[in-house]
There are 2 protein chains.
Amino acid sequence: MTVSRVVNGGANVRETTRVAVLAAIEKLNYSPNSAARSLAAGEATQIGLLYSNPSAAYLSQFLIGALAAARKAGCHLVLESCEGERADEQAEATRQFVSTSVEGVILPPPLSEAAPVRAELEAAGIPWVSVAMGLPPARSLNVRIDDFAAASAMTQHLLDLGHRKIGFIRGNPNQTSSAERYRGFVAACENAGLDIKSMAVEQGYFTFRSGIVATERLLDRDDPPTAIFASNDDMAAAAVGVAHRRGLHVPQDLSIVGFDDTSLATTIWPELTTVRQPIAAMAESALNLLLARLRERRGAGGGKLEEQVLDHEMILRESSGPPPGAAPAPGKTAAKAAKRR
Amino acid sequence: MTVSRVVNGGANVRETTRVAVLAAIEKLNYSPNSAARSLAAGEATQIGLLYSNPSAAYLSQFLIGALAAARKAGCHLVLESCEGERADEQAEATRQFVSTSVEGVILPPPLSEAAPVRAELEAAGIPWVSVAMGLPPARSLNVRIDDFAAASAMTQHLLDLGHRKIGFIRGNPNQTSSAERYRGFVAACENAGLDIKSMAVEQGYFTFRSGIVATERLLDRDDPPTAIFASNDDMAAAAVGVAHRRGLHVPQDLSIVGFDDTSLATTIWPELTTVRQPIAAMAESALNLLLARLRERRGAGGGKLEEQVLDHEMILRESSGPPPGAAPAPGKTAAKAAKRR
DNA sequence: CCGTGGTGTGTTAGCGGTAACGGTGGCCCG
DNA sequence: CGGGCCACCGTTACCGCTAACACACCACGG
């Protein structure tokens, strides 16, 4: 029992015994049996994770983070895919969870905003945590980054390089993060005294395909932009492809930046300047938030942490540079500041 | 107890009681508590999964499969990444597992062939299962597809389309699957009465970058190939990129096919004709094989299944077509047979 | 008629932890 | 100086399941 108290950081253990126990643990190479623990404690053992077809890179990072947290907590992750866009498909996939008695559900994007899913969970009384929503509703469990600030910083980066005409490719309109990123872009432009009307904005849907179409439109304009800021890496990669097909060099003729820092960003050439989301950490946070809520529900009370905003990071790589005909050597020299990877 | 027997398919239960129990289970919406189960059965609870930087798409699929199997078996997956190529880094990462007392380890490629890892596990007496080796050593636990047959079939597809000069980009030479795929390519060519010397072969390393270099070399030849068979999708995607930069249309001017069917294959444009590996199923098989081995070790005896070869599948998409100047309408018409996705 | 050997089912004793409660001492207070 | 309170640690009784065994029952052969 005392060992249990030490391991779980329980109160009322003398310092001397505590170190003695820890020493013994070390010597015996003891590690607690998670099965026994969760059996005895009657804790949540099944946590659902409903995923839709996000980028594979996103999903793998997310799973890594969620798995690490799940193992620490001794609970199992139950995966369920929900590829469908239709409300009934989403509801059906969610019901799957309800029937297999998962005790809480994690919703990575884009499902974090899927109304049918949330309605179904609400009805079943199963708590959930949304991940990476741009603008989560109040009093909901959620983990995210500051999309507004991130998009704003990225725009500032392009402005600092000397770009004045920037093309922006928006994300899927039914995800609030799209709107937040756009808001960040607009704010940075206006902050620099530029009229948003002088910028080129096209609608995209976070897919590679939509990125192709949007980029074609941007480059077909009479006064094409010297830089393109796509709302995610897939669309940025598409933009690079289109640029190449048109014989434009990136970044000499056209700068292209993305968002998310998925593996696609470093797979293509040139590697993308982008914003990194700490995906694995977000997944861990999400699971912990959910477990805390479940504990609280079970009567333990405890802190009422509901929202967690993690830090993003600007990742400067080779796809962004000064606009053509800019001051110094027109090419690879400038803006090699910050973190290059 | 009788319930336990029914649930676990135990022997010596009368048929009438069996259905009665099942009915009760259904009515009560009962589901066994996996924590209690693994506690009582004293089964393996921690299975390691040592991954290196495979394509993110591969990893996510793999994790999905492994997780599903792990949950069914009631065991936890312990992830550990091992990005390093150096022997000591790999040994170190492996020792991490030994110290945290995982009971078995799953090795997806390319770590399935990493000698330091295997040596370390051997020394610690921890069983492991290799996934997707091309030519696994005898008496080792492994799950794979028939790389030889798959590569051979893909080559045949190109030959059937009319290609006579095919460029082949080999995979990383320290993975046996590279050699097997190459062997399959050679066999199909020779089988068609073509001299392998008339084909163009370049060395690649399964990376996008290496694919660019290899493709440049192939296309710089005096007599460039009309089709390129890359040993994985990343290199095929690179080939598509190079082709586009050179103003070549895929597949009208150049057919390009890959291997693996990772998400990259459908992300880029045109979508890649490739060979699908049932990644999730392979992960499931791997875990089950490992658990069977552990049970057997624990004295239960049982079947001695050691190797499992799963089916691959040819996926025909838009990146392959007849060579330029071929018989019918030079382009999209031919070879729309088989499964198009 | 009684062993003997199945076949089906119930009993017992854990698996390795933790909640809840029961003891100890020591300290302070009345 | 006795009682109350607290800090500290040990006991007990489970958590939900399964291995191992005990038991009833039947068929069969000698």
Side-chain angles (χ1 to χ4, degrees), chain A residues 1-47 70-76 78 100-103 291-292 294-302, chain B residues 1-47 70-76 78 100-103 291-292 294-302:
Chain A
M1 192 59 229
T2 300
V3 173
S4 173
R5 272 190 273 261
V6 170
V7 171
N8 300 319
N12 297 345
V13 179
R14 203 183 310 159
E15 193 53 29
T16 56
T17 43
R18 158 185 234 78
V19 298
V21 168
L22 288 174
I25 285 179
E26 180 69 23
K27 199 171 74 181
L28 299 175
N29 198 13
Y30 163 90
S31 80
N33 178 323
S34 68
R37 186 189 296 217
S38 48
L39 175 59
E43 286 224 325
T45 58
Q46 312 269 78
I47 297 295
R71 192 173 57 80
K72 276 182 215 148
C75 66
H76 286 262
V78 182
T100 55
S101 66
V102 301
E103 311 197 27
L291 290 175
L294 286 170
R295 258 193 295 279
E296 174 187 333
R297 246 190 169 200
R298 213 172 291 117
Chain B
M1 191 60 228
T2 299
V3 172
S4 172
R5 273 189 273 261
V6 169
V7 171
N8 299 320
N12 297 345
V13 179
R14 203 182 310 157
E15 192 54 28
T16 56
T17 43
R18 158 185 236 78
V19 297
V21 168
L22 288 174
I25 285 179
E26 180 68 23
K27 199 171 74 179
L28 299 175
N29 198 15
Y30 163 89
S31 81
N33 178 323
S34 68
R37 184 188 296 216
S38 47
L39 176 59
E43 286 223 326
T45 58
Q46 311 269 80
I47 297 296
R71 193 173 59 80
K72 276 183 214 146
C75 66
H76 286 261
V78 182
T100 55
S101 67
V102 301
E103 312 197 26
L291 290 175
L294 287 169
R295 257 194 295 279
E296 174 188 331
R297 246 190 167 200
R298 211 173 291 116

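Everything numeric in this text was worked out from a predicted model, so none of it was measured. Here is the naming used below: chain letters follow the sequence lines, and residue numbers restart at 1 for every chain.
Taking the nucleotide of DNA chain C with the nearest heavy atom to each of B:N12 and B:A36, the more 5' of the two is matched to B:N12. With the nearest nucleotide of DNA chain C identified for both B:R5 and A:Y30, B:R5 has the one nearer the 5' end.
Closest of all the heavy-atom pairs between B:P32 and B:R37 is CG-NH2, 2.9 Å. Considering all non-hydrogen atoms of both residues, B:R71 and A:H76 come closest at CA-ND1, 4.1 Å. When all heavy atoms of A:R5 and A:V13 are compared, the closest pair comes out as CB-CG2, 3.9 Å. Minimum interatomic distance between B:G74 and B:S34 (heavy atoms only, all atoms of both residues): CA-CB, 4.4 Å.
Separating the CZ atom of A:R295 from the P atom of C:dA19 is a distance of 11 Å, rounded to the nearest angstrom. Put simply, CG on B:N33 is 13 Å from C1' on C:dC15, counting in whole angstrom units. Computed from coordinates, the A:R14 CZ to C:dG25 P distance equals 12 Å when rounded to whole Å. Following rounding to the nearest Å, B:L39 (CG) and C:dG17 (C1') show an atom-to-atom distance of 8 Å.
Counting only heavy atoms from C-beta outward, the side chains of B:V6 and B:T17 never approach each other to under 4.5 Å.
A:V3 comes within contact range of no nucleotide atom at all, as no heavy-atom separation falls under 4.0 Å. Counting non-hydrogen atoms under 4.0 angstrom, A:S38 reaches nothing in the nucleic acid.
Each of C:dA20, C:dT9, C:dC15 was ranked by its minimum atom distance to the side chain of B:A40; first place goes to C:dC15. For A:M1, whose side chain is taken as the heavy atoms from C-beta onward, the closest listed nucleotide among C:dA20, C:dG16, D:dC8 is C:dA20. Side chain of B:T17, nearest nucleotide from C:dT9, C:dG16, D:dT11: C:dT9.
OP1 or OP2 of D:dC17 has not a single side-chain nitrogen or oxygen of B:S4 nearer than 4.0 Å. Checking the phosphate oxygens (OP1, OP2) of D:dT18, a side-chain nitrogen or oxygen of B:N8 falls inside 4.0 Å. At C:dG8, none of the side-chain N or O atoms of B:T2 fall inside 4.0 Å of OP1 or OP2 (strictly under the cut-off).
In terms of polar N and O atoms assigned as donor or acceptor, the side chain of B:R18 never comes within less than 3.5 Å of the base of C:dG8 in a complementary pairing.
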